[in-house]
Amino acid sequence: MTTNETLAADARTPVPAPGQRISLPHLLPEFYQAMSALERTSKAGIEPELAELVKIHASMVNGCAFCIDMHSTDAVKGGEQEYRIRSLPAWRETPWFTARERAALALTESVTLLTQGHVPDAVHQEAARHFEPEELASLIAVIITINAWNRIGVTSRLSPAPR
């Protein structure tokens, strides 16, 4: 193999993910079970498709590769279009999210990025225009829960399975 062929092969070879630091399910199973129960409870009041978009978006903001991969896969299995998932970081510049989805994505960003202005009244009021109070409560719960999962994933270095 020539040097150029070796370089080309190296350029296509994936780099392994960093090793996992800690396994909370094994070391603290009660906590992990409580998080799983929180997950089930949080999403009970909103449509699954929207919950997945919110989870993907928060995970992208937080840089949680494991959650991005898992929820993107789940969303596609649930019928979500891949172009919408790919464009979540630029949702404001795209024409394919509904007003309800846009309100949820804006709220997701505000809750996820609390240190950047907290949750402005305008963002909360816009979400409240598109969601009944029980739905809004579930949406907030989904956002809080995925942020907790992201912190678990990033801190423990969870990584998507190689493909």
Side-chain angles (χ1 to χ4, degrees), residues 20-25 27-160:
Q20 187 172 340
R21 290 178 173 152
I22 192 167
S23 175
L24 292 179
L27 297 170
L28 204 54
E30 297 83 8
F31 171 78
Y32 202 80
Q33 290 166 359
M35 281 298 301
S36 296
L38 184 64
E39 170 74 23
R40 285 189 302 278
T41 304
S42 71
K43 62 186 178 182
I46 63 170
E47 57 271 30
E49 301 83 7
L50 181 60
E52 291 301 332
L53 283 177
V54 164
K55 291 174 189 179
I56 297 164
H57 189 47
S59 299
M60 287 176 167
V61 170
N62 287 322
C64 184
F66 181 85
C67 292
I68 293 168
D69 182 66
M70 178 175 65
H71 294 295
S72 295
T73 300
D74 290 348
V76 169
K77 285 180 185 174
E80 184 57 72
Q81 300 297 311
E82 289 187 23
Y83 70 91
R84 284 171 32 104
I85 294 169
R86 285 191 306 270
S87 67
L88 278 170
W91 63 268
R92 287 179 179 85
E93 287 78 38
T94 64
W96 38 74
F97 293 102
T98 67
R100 179 178 166 92
E101 291 168 335
R102 288 174 179 276
L105 294 171
L107 185 62
T108 300
E109 286 179 6
S110 291
V111 173
T112 301
L113 300 169
L114 280 178
T115 61
Q116 296 181 15
H118 292 188
V119 179
D121 288 340
V123 171
H124 185 273
Q125 290 164 357
E126 183 65 13
R129 282 184 353 96
H130 295 280
F131 293 88
E132 294 297 322
E134 295 81 10
E135 292 175 316
L136 184 56
S138 287
L139 175 60
I140 293 167
V142 167
I143 297 167
I144 291 168
T145 304
I146 191 57
N147 273 280
W149 281 120
N150 290 164
R151 278 139 182 81
I152 292 167
V154 171
T155 302
S156 62
R157 282 196 179 146
L158 290 178
S159 151

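This structure is a prediction, so every number in the text was calculated from the model and none was measured.
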Student: Determine the minimum heavy-atom distance between P120 and S110, stating which atoms define it.
Tutor: CD-OG, 3.6 Å
Student: For S42 and V142, work out which heavy atoms get closest and say how close.
Tutor: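 Result for this residue pair: O-CG2, 3.5 Å.
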Student: Any heavy-atom pair between the side chains of E80 and L50 that's under 4.5 Å?
Tutor: no
Student: Please lay out, stage by stage, how F97 and L53 fare under the test side-chain contact (heavy atoms from CB on, under 4.5 Å).
Tutor: CA-CA 10 Å; F97 293 102; L53 283 177; 4.3 Å; yes
Student: For atom NE2 of H130, decide whether the heavy atoms of other residues, nucleotides or ligands shown that lie under 6.0 angstrom number more than 12.
Tutor: yes
Student: Among L113, L107, I140, I143, which one satisfies side-chain contact (heavy atoms from CB on, under 4.5 Å) with V119?
Tutor: L107
Student: Can you give me the closest heavy-atom contact between G45 and E135, atom names plus distance?
Tutor: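 For G45 and E135, the tightest heavy-atom pair comes out as O-CG, 3.7 Å.
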Student: Less than 4.5 Å apart, any side-chain heavy atom of F66 and any of S156?
Tutor: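 Not touching, per the 4.5 Å side-chain cut-off.
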Student: Can a salt bridge be assigned to the pair R100 and E47 using a cut-off of 4.0 Å between side-chain N and carboxylate O?
Tutor: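 Salt bridge present between R100 and E47.
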Student: Please test S87 against W96 for side-chain contact (heavy atoms from CB on, under 4.5 Å), starting from the C-alpha separation and ending with a verdict.
Tutor: CA-CA 9 Å; S87 67; W96 38 74; 2.9 Å; yes
Student: Return the CG to CZ distance between L158 and R21, rounded to the nearest 0.5 Å.
Tutor: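 Taking CG in L158 and CZ in R21, the distance rounds to 11.0 Å.
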Student: Could you check whether any side-chain heavy atom of R151 comes within less than 4.5 Å of a side-chain heavy atom of N62, counting everything from C-beta outward?
Tutor: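 Yes, at least one pair of side-chain atoms sits under 4.5 Å.
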Student: Measure from the ring center of W91 to the ring center of Y83 and say whether it is less than 6.0 Å.
Tutor: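 No, ring centres 6.0 Å or more apart.
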Student: Show the nearest heavy-atom pair for residues I46 and S138, with the distance to one decimal.
Tutor: CG2-CB, 3.9 Å
Student: Which value, rounded to the nearest 0.5 Å, describes the distance between T108 atom OG1 and I146 atom CD1?
Tutor: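 The distance works out to 10.0 Å.
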Student: Once rounded to the nearest 0.5 Å, what's the spacing between atom OH of Y32 and atom OG of S23?
Tutor: 8.0 Å
Student: Could you tell me the separation between the NE2 atom of H71 and the SG atom of C64, rounded to the nearest 0.5 Å?
Tutor: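 Going from NE2 on H71 over to SG on C64, the span is 8.0 Å.
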Student: At their closest point, which heavy atom of I152 faces which heavy atom of F31, and how far apart are they?
Tutor: CD1-CE2, 3.7 Å
Student: Rounded to the nearest 0.5 Å, how far apart are OG1 of T145 and NZ of K55?
Tutor: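 Reported to 0.5 Å precision, the distance equals 8.5 Å.
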Student: Which of these, E109, E101, E52, sits in a side-chain hydrogen bond (donor to acceptor under 3.5 Å, both in side chains) with H57?
Tutor: E109
Student: Testing the basics here: between A75 and I85, what is the closest heavy-atom pair and its distance to 0.1 Å?
Tutor: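 That closest heavy-atom pairing would be CB-CD1, 3.9 Å.
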Student: Measure the spacing between CD1 of I56 and CZ of R86 and express it to the nearest 0.5 Å.
Tutor: 12.0 Å
